[in-house]
Amino acid sequence: DTEVTQTPKHLVMGMTNKKSLKCEQHMGHRAMYWYKQKAKKPPELMFVYSYEKLSINESVPSRFSPECPNSSLLNLHLHALQPEDSALYLCASSQGQGQVTYGYTFGSGTRLTVV
Amino acid sequence: RKEVEQDPGPFNVPEGATVAFNCTYSNSASQSFFWYRQDCRKEPKLLMSVYSSGNEDGRFTAQLNRASQYISLLIRDSKLSDSATYLCVAAGNKLTFGGGTRVLVKP
């Protein structure tokens, strides 16, 4: 299994809603990442988890709350988002943070629209 | 200055031609380098790793020049299916993406 699975693929939410994005990998990777990608821009790092602990928070607003319940799962909890938060949210994993010999594996993303 | 910089293109390439483009990086501590390919509204997919010795994968050749801090990608015998955005990536404890180079292969 060499996949990173993200659900849902598409999400439309209101500014007062609470929703969660989910990411799962079964490659035994110990580092997992959340990226945000706006149209025609490269992915921007949001969070890094290493061995289930938050390692990097790239000054992301608190309306985004990551969670790593176990080594295979990564969630991103969303609350009180703004329309400008609409983007493609990508999850990725690697053997370990800093262990990127084989690059990262990306999920297919969740396309989020905030209305 | 951005950490990883790329010519955004687009590079308009006749089918069957060769195209090459570079990427420069500013963090000399970057350990590994990659080219990712991203199709419209899809996730980035690893195309190949980049080594100082240069490496080739079929029609694709990548090269790393640490002294000048640039990475190159060459595509030979371009196919219509090569049309995509190519993302240059520098890796340390996280991946840093360039802005991408758009390649359009035309019949």
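Numbers restart at 1 for each chain; the letters A, B, ... are given by sequence-line order, proteins then strands.
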- Task: Hey, can you tell me if A:Y104 and A:Y33 have their rings parallel, tilted or perpendicular (30° and 60° cut-offs)?
- Result: parallel
- Task: Select one option (side chain, backbone, both, neither) describing which atoms of A:Q6 are under 4.5 Å from chain B's heavy atoms.
- Result: neither
- Query: Considering only heavy atoms, which portion of B:R41 lies under 4.5 Å from any heavy atom of chain A: side chain, backbone, both, or neither?
  - Reply: both
- What is the ring orientation for A:Y35 with B:F97, classed by angle as parallel under 30°, tilted 30 to 60°, or perpendicular over 60°? perpendicular
- Item | Interchain contact, B:Q38 with chain A, by part (heavy-atom threshold 4.5 Å) | side chain
- Task: Could you tell me whether a side-chain N or O of B:K45 sits under 3.5 Å from a main-chain N or O of A:F106, the two making a donor and an acceptor?
- Result: no
- Task: Say whether, by atom type as modelled, one donor and one acceptor occur between the side chain of A:E3 and the main chain of A:T5 under 3.5 angstrom.
- Result: no
